[in-house]
Amino acid sequence: MANDAYPVGIDPNRPSAARIYDAFLGGTHHFAADRAVAERAVQIMPALPRVMRANRAFLHRAVRFAVSRGVRQFLDLGSGIPTEGNVHEVLRELVPDGRVAYVDLDPTAVLHARAIIGDDRATVMVQGDLQDPEAIFADPLVHGMIDLARPVCVLMVAVLHFVPDSAELTAAMRRYRDAVVPGSLLAVTHATAGPRPEEVERISDLYNRTGTPMVLRDPQRLRALLEGWEPVEPGLVHGPEWRPELGDEWPGDPAESMMLAAVAVKP
Ligand SMILES: C[S@@+](CC[C@H](N)C(=O)[O-])C[C@H]1O[C@@H](n2cnc3c(N)ncnc32)[C@H](O)[C@@H]1O
C-alpha cells in the first residue's frame, strides 16, 4: 500500500518504538518493518518479550500503588499503543471514576488509543512530546481531565530511554514536578545496561536506526532526572524487585531485566 494511504505522520516503512513494542507484546497495531526490528531484537536477546511483560507488570503495580495512596488521576506520558491492561483498564477495576490522560508522540499510538478508549468519558488521549509540558498542560483535553489542584500520578514508563539528555528534558522534568501538588507520584521505568552490556548495546544500535533512537542510563543518570522526587521503598531498583506481586516473579538475576524502576513522591 502507498504511504499516502496512511494518516499523516504514519510511515509504515519507518519502524517506531510504539509499534515495535506492540509487536513484542503480541499486539496487532504494527507493520512488517516494526515486526522485523522486534524479531531481530529477540534474536539478539531472547529474554526481551519477558522484559516487556515485566515492564507492563510494573506499570500495573504502580497504578495500584497510586490508588492505594488515594491518587485518582494519571498523566501517562509515552503511553504507547494500547494492548490489554492499560492504565484506564487497571484503574476501572479499582476506581470507576479515576481519570487518565494518555500522551504519546506517535500518531499510531494516538489513533489506536482513541479507538480503544471509545466512550470512556474519564480517559483522553493526546499527541504530544513529553519534553513540551506547556503544550501538554495547555491541551484542552488534558486540561479538562487532570485537576492540578489534586494529586496526580505521572507515569513515564519505558519512555525516558527514548529521550536524550538536554536542557529541554531537564526543564521538562522540573516542570512536571513543580506542576503537581505534594503527595503526587512519579512512576518510572528505564532501560539500563545490566549484566549483558554487549547485547543491550546491539539492541540500542537497532533502535538507533529507527525513528526512535535509544539512550541507556545508569542509576546515577536516572536519579538526576528524578531530582526533587523522593522514591518510596524499595527505592530505585530493577523492575522485578519493585514490590513484586504473586505472578510477577522474575526467575534469576533481576538485573537481567535491564530495567530500572521507581515510584517517587513529591514531598
Ligand atoms: C516502549 S513504549 C512504552 C509504552 C508504555 N508506557 C508501557 O510502558 O507499556 C514507549 C512509548 O514512548 C513514546 N515516546 C517516545 N518518545 C516520546 C516523547 N518524547 N514524548 C512522548 N512519547 C514518547 C513512543 O512513541 C512509544 O509509544
Side-chain angles (χ1 to χ4, degrees), residues 9-11 14-27 29-31 34 37-38 41 48-63 74-90 100-114 116 125-137 139 142 153-166 168-173 175-176 186-192 203-204 206-208 210-217 225 239 242 257-263:
I10 297 180
D11 180 351
R14 190 165 168 73
S16 83
R19 297 194 311 253
I20 297 167
Y21 189 59
D22 180 65
F24 277 126
L25 289 171
H29 305 310
H30 55 267
F31 299 113
D34 307 302
V37 174
L48 263 184
R50 193 151 59 93
V51 171
M52 306 289 173
R53 286 196 297 276
N55 177 68
R56 293 292 286 182
F58 167 84
L59 172 65
H60 298 167
R61 297 198 297 277
V63 171
F74 293 79
L75 178 62
D76 188 356
L77 302 170
S79 50
I81 294 176
T83 48
E84 77 282 358
N86 288 288
V87 172
H88 72 290
E89 293 160 341
V90 176
V100 183
Y102 290 121
V103 180
D104 202 286
L105 197 54
D106 190 316
T108 324
V110 178
L111 212 63
H112 291 298
R114 287 198 172 140
I116 286 193
M125 168 91 224
V126 304
Q127 187 172 3
D129 184 338
L130 72 80
Q131 294 171 98
D132 190 356
E134 297 316 326
I136 291 171
F137 287 128
D139 188 292
V142 175
C153 178
V154 180
L155 297 161
M156 296 189 190
V157 179
V159 62
L160 285 174
H161 48 242
F162 296 117
V163 188
D165 286 328
S166 69
E168 204 183 358
L169 175 62
T170 306
M173 295 303 290
R175 180 72 179 98
Y176 292 114
L186 173 65
V188 175
T189 63
H190 198 294
T192 196
I203 303 288
S204 178
L206 207 56
Y207 271 86
N208 291 348
T210 73
T212 352
M214 197 171 185
V215 41
L216 301 169
R217 290 187 177 91
L225 290 177
W242 198 90
S257 70
M258 294 150 307
M259 182 212 316
L260 297 169
V263 177

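None of the values given here were measured: they were computed from a predicted structure. For this chain, numbers begin at 1 and follow the sequence in order. In each ligand, atom 1 is the first atom listed, and ligand 1 is the first ligand listed.
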Undergrad: Does any N or O in the side chain of His112 come within less than 3.5 Å of the main-chain N or O of His29, such that one atom is a donor and the other an acceptor?
TA: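 No; judged by distance alone, with no hydrogens or angles, the pair does not exist.
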Undergrad: Give a yes or no on whether the backbone of Leu160 and the side-chain of Arg217 come within a donor-acceptor separation of less than 3.5 Å.
TA: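 Checked: pair present.
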Undergrad: Side chains of Asp22 and His30: donor-acceptor distance under 3.5 Å anywhere?
TA: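 Yes, a side-chain donor-acceptor pair sits under 3.5 Å.
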Undergrad: Compute whether any side-chain donor of one residue and acceptor of the other, for Tyr21 and Asp106, lie under 3.5 angstrom apart.
TA: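 Distance-only check fails for Tyr21 and Asp106.
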Undergrad: Tell me the residues surrounding ligand 1, counting only those with a heavy atom closer than 4.0 angstrom, sorted by chain and number.
TA: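 Around ligand 1, where the cutoff is 4.0 Å for heavy atoms, the contacting residues are Ala18, Tyr21, Asn55, Arg56, Gly78, Ser79, Gly80, Asp104, Leu105, Asp106, Gly128, Asp129, Leu130, Val157, Ala158, Val159, Phe162, Val163.
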Undergrad: State, to 0.1 Å, how close Phe58 and Val157 come at their nearest heavy-atom pair, and which atoms those are.
TA: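 Minimum heavy-atom contact is CE2-CG2, 4.5 Å.
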Undergrad: Relative to the ring of Tyr207, is the ring of Phe162 parallel (under 30°), tilted (30 to 60°) or perpendicular (over 60°)?
TA: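 Correct class here is tilted.
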